Amino acid sequence: QLQLLESGPGLVKPSETLSLTCTVSGGSISGSHYYWGWIRQSPEKGLEWIGSIYYSGTTYYNPSLKSRVTISVDTSKNQFSLKVDSVTAADTAVYYCASPGELDPNVFDFWGLGKMVTVSS
Amino acid sequence: EIVLTQSPATLSVSPGERATLACRASQSVSRNLAWYQQRPGQAPRLLIYGSSRRATGIPARFSGSGSGTEFTLTISSLQSEDFALYYCQQYNNWPPAWTFGHGTKVEIK
């Protein structure tokens, strides 16, 4: 059974870069044939898909966030990461990493616990 | 962007009763729609994908239906653990531009 765990700072200053890492256990990113994703949740916007990455490094981003987001993968560490540049209070949210399983590559069957990130000076 | 509208925002149901939740898409998503359950303090949990397919380990009291722009999640006989938030997600686009609805809260009547 796949397990995912987000890590990174819980407090980021406005205009700085938010950085989170998702560590995968119970399975291999490079052995998968689907996209690994980041999703965030805030009271204002609800659940919002941020973007997804394939083990080869191919990425897709939410068009509304594309200019500020970078997702990368490190298969040697079985991790993938998220960076959001120039953050504002609107980026305050719980950030989840998630992955499909064998059922359907477009839905999220496995989720991390979530990481609360607050943007504040 | 495909907008998903869920209704009602809150549904008050007694244990043992049936709950029917709706999700409407702003344009056709074929059958590319999933449902998730979220309990307080937890991550979402996949219930249904492909409009009507139950995910692994999901009880048979959960069923999904619909295609195009109109979808329904039915919980046939509510158990205590079913009082939670429910979200729909569409995945009809490629390249992906996946979106979620804003959720329906199922509360105890």
Side-chain angles (χ1 to χ4, degrees), chain A residues 1-6 20 22 24 26-27 34-54 57-67 69 71 93-117, chain B residues 1-7 9-10 21 23-26 29-58 62 64 71 73 84-105:
Chain A
Q1 170 107 346
L2 273 177
Q3 292 188 316
L4 296 85
L5 185 63
E6 306 88 352
L20 294 175
C22 182
V24 178
Y34 39 74
Y35 284 80
W36 303 79
W38 286 99
I39 297 146
R40 68 183 184 181
Q41 185 174 30
S42 65
E44 296 76 24
K45 291 194 170 184
L47 287 165
E48 184 177 31
W49 172 71
I50 300 170
S52 295
I53 189 164
Y54 199 53
T58 300
T59 52
Y60 293 104
Y61 299 125
N62 185 322
S64 69
L65 297 168
K66 186 175 183 177
S67 63
V69 169
I71 297 176
V94 177
Y95 286 75
Y96 293 100
C97 57
S99 78
E102 299 300 319
L103 298 176
D104 187 313
N106 302 295
V107 300
F108 298 103
D109 203 4
F110 299 97
W111 295 68
L113 297 176
K115 178 70 177 181
M116 179 68 212
V117 178
Chain B
E1 174 182 305
I2 298 176
V3 176
L4 298 178
T5 302
Q6 292 188 242
S7 61
T10 303
L21 290 66
C23 178
R24 173 176 290 177
S26 60
V29 297
S30 186
R31 294 180 61 82
N32 297 315
L33 189 109
W35 290 93
Y36 298 84
Q37 176 194 68
Q38 187 177 33
R39 296 175 177 142
Q42 296 186 13
R45 170 195 181 198
L46 178 67
L47 296 176
I48 301 285
Y49 66 101
S51 175
S52 61
R53 300 183 178 190
R54 274 191 299 276
T56 304
I58 301 304
F62 291 92
F71 299 87
L73 174 70
L85 277 161
Y86 292 84
Y87 296 93
C88 53
Q89 176 219 341
Q90 67 80 21
Y91 50 98
N92 195 57
N93 327 72
W94 194 265
W98 300 322
T99 54
F100 293 85
H102 276 81
T104 291
K105 180 181 180 181

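The figures here come from the full heavy-atom set of this structure, side chains too, leaving out hydrogens, waters and symmetry mates. For clarity, every value in this text was computed on a predicted model and none was experimentally measured. Letters A, B, ... are given to chains in the order of the sequence lines, protein chains preceding strands, and every chain is numbered from 1.
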Using distance alone, with no hydrogens and no angle check, list the donor-acceptor pairs under 3.5 Å between chain B and chain A.
residue	atom	partner	partner atom	Å
B:Y36	OH	A:F108	N	2.9
B:Q38	OE1	A:Q41	NE2	2.8
B:Q38	NE2	A:Q41	OE1	2.9
B:Q38	NE2	A:Y96	OH	3.4
B:Y87	OH	A:Q41	NE2	3.2
B:Q89	NE2	A:N106	O	3.3
B:Y91	OH	A:D104	OD2	3.4

In terms of heavy-atom pairs under 4.5 Å with chain A, the winner among B:G101, B:A97, B:G103 is B:A97
Heavy atoms of A:V107 and B:A34 approach each other most closely as CG1-CB, 3.7 Å
